[in-house]
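These notes concern the structure reproduced below.
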Amino acid sequence: MIHIRSKDEIEVMRKSALMVSATLTEVAKVLRPGITTISLDKLAETFIRDNGGIPSFKGYGGFPASLCISVNNVVVHGIPSTYELKDGDIISVDCGFYKNGFHGDSAYTFAIGNVKPEILQLLKVTKECLFLGIEQAKDNNRIGDISFAIENYTSRIHPYGVVRELVGHGVGRQLHEDPQVPNYGKRGDGKRLREGMILAIEPMINLGKKDVYTLNDGWTVVTKDGLASAHFEHTTAVGRNGGEPLSSFVPIEAAEKLNSELNSSYYDLPVLSSVH
Ligand code: MG
Ligand code: MG
């Protein structure tokens with residue numbers, strides 16, 4: 001069943017979602033070549049607990065960490081490890097924060113140092129198509145309108161691979177609720193959206209082909225062709241005229257800018273196409 005949240009419940013969820021953004025911002029501040037992904041996970045878990053929250057992912061289905069950290073060809077669900085980030089890597093950091101009965105869920109992909117232009121473009125396009133999906137999260141639309149907006153935009157820029165095995169989802173009292181929100185599909189297909197539904201919209205886009213597989217650890221999802229993959233996610237409230245992100249990239253982007261001497265910025269890239 002798909003829940004409709006009251007205004008009060010949405011405000012509680014906004015607090016959890018913004019705490020995910022704050023956690024990702026703490027991670028963004030320390031990103032640099034040489035740092036291990038397990039140290040990012042420790043920092044995030046400490047920050048979450050210091051703020052009275054519970055890391056949603058830790059122990060979820062047996063997942064061993066507070067963050068999913070997915071480097072380069074890892075699509076999602078990467079397990080933090082002693083791997084040291086290096087110049088030219090990209091990392092998707094996915095985080096959940098649970099407090100007062102509700103989860104927030106958001107993810108951001110960061111560039112470490114000098115990243116190849118075609119990969120910076122992948123990050124830019126993946127973030128843009130998240131916001132195009134959010135625009136479609138409006139009352140009376142259908143799930144397929146979100147899915148189509150994401151897939152259609154990516155295919156207009158470059159023959160990227162849109163991951164099919166993993167999808168967005170409802171989020172609320174449970175981390176994963178109905179409905180599923182695929183990143184591919186047809187306009188007008190699927191369940192009808194109603195104001196007050198809360199969706200985690202999360203495009204996962206590959207530089208190469210769409211095919212992925214899971215490593216023997218049972219978690220780490222990687223691209224079959226070994227090429228990079230990007231992932232951006234917002235907890236989003238379905239609204240009357242469009243979706244409203246409850247999480248925010250604003251503080252993350254500010255931290256990213258401050259780090260700009262260490263992290264390549266893709267905001268300065270030329271606009272590749274008009275969205276509208
Ligand atoms: Mg997530
Ligand atoms: Mg999610």
Side-chain angles (χ1 to χ4, degrees), residues 2-3 5 13-28 37 40-41 44-45 47-48 53-71 74-80 90-99 102-110 123 126-127 129-131 133-134 137 143 146-147 150 162-184 193 197-205 212 214 219-221 229-238 243-249 252:
I2 306 179
H3 298 279
R5 300 300 177 189
M13 286 201 70
R14 189 192 308 277
K15 283 189 181 144
S16 287
L18 287 176
M19 284 310 302
V20 175
S21 309
T23 308
L24 294 177
T25 303
E26 291 305 301
V27 170
T37 58
L40 300 174
D41 184 67
E45 179 170 1
F47 184 80
I48 289 168
I54 294 170
S56 305
F57 299 174
K58 195 152 193 178
Y60 185 89
F63 191 76
S66 299
L67 299 177
C68 295
I69 300 186
S70 305
V71 181
V74 180
V75 180
V76 286
H77 303 164
I79 299 172
I90 58 166
I91 67 161
S92 152
V93 183
D94 193 349
C95 180
F97 183 101
Y98 179 80
K99 191 175 177 178
F102 287 97
H103 295 273
D105 186 8
S106 180
Y108 196 94
T109 303
F110 298 92
L123 301 189
T126 306
K127 191 197 274 188
C129 72
L130 166 61
F131 286 99
I134 289 170
I143 292 289
I146 299 173
S147 310
I150 292 169
V162 177
V163 176
R164 292 183 170 239
E165 285 82 350
L166 299 136
V167 296
H169 52 90
V171 56
R173 291 195 179 277
Q174 307 296 322
L175 180 61
H176 293 125
E177 298 184 351
D178 287 339
Q180 294 199 339
V181 187
N183 295 306
Y184 62 94
L193 300 175
M197 290 179 180
I198 312 291
L199 306 174
I201 301 176
E202 50 179 318
M204 289 155 257
I205 312 292
V212 300
T214 304
W219 285 104
T220 312
V221 178
S229 183
H231 177 215
F232 288 86
E233 175 180 27
H234 266 322
T235 294
T236 303
V238 175
E244 181 192 4
L246 301 180
S247 39
S248 171
F249 290 158
I252 301 169

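Start at 1 and go down the list; that is how both ligands and their atoms are numbered.
Of all the N, O or S atoms in E233, the one closest to the Mg ion (ligand 1) is OE1. Here the N, O or S atom of E202 that is nearest to the Mg ion (ligand 2) is OE2. Between the Mg ion (ligand 1) and the N, O or S atoms of D94, the shortest distance is to OD1. Counting just the N/O/S atoms of D105, the one with the shortest distance to the Mg ion (ligand 2) is named OD2.
Coordination check, H176 versus the Mg ion (ligand 2): failed, since every N/O/S atom of the residue sits at 2.8 Å or beyond.
For the pair L18/F97, no side-chain contact is recorded, criterion being any heavy-atom separation below 4.5 Å from C-beta on. Residues I198 and F102 have side chains not in contact (no heavy-atom distance under 4.5 Å, counting atoms from C-beta outward).
From K99, atom NZ reaches atom CE of M19 across 7.0 Å, with rounding to the nearest 0.5 Å.
Between the S247 side chain and the S21 main chain, no donor and acceptor come within less than 3.5 Å of each other.
For Q180, the CD atom is loosely surrounded, since the number of other residues' heavy atoms within 6.0 Å does not exceed 12.
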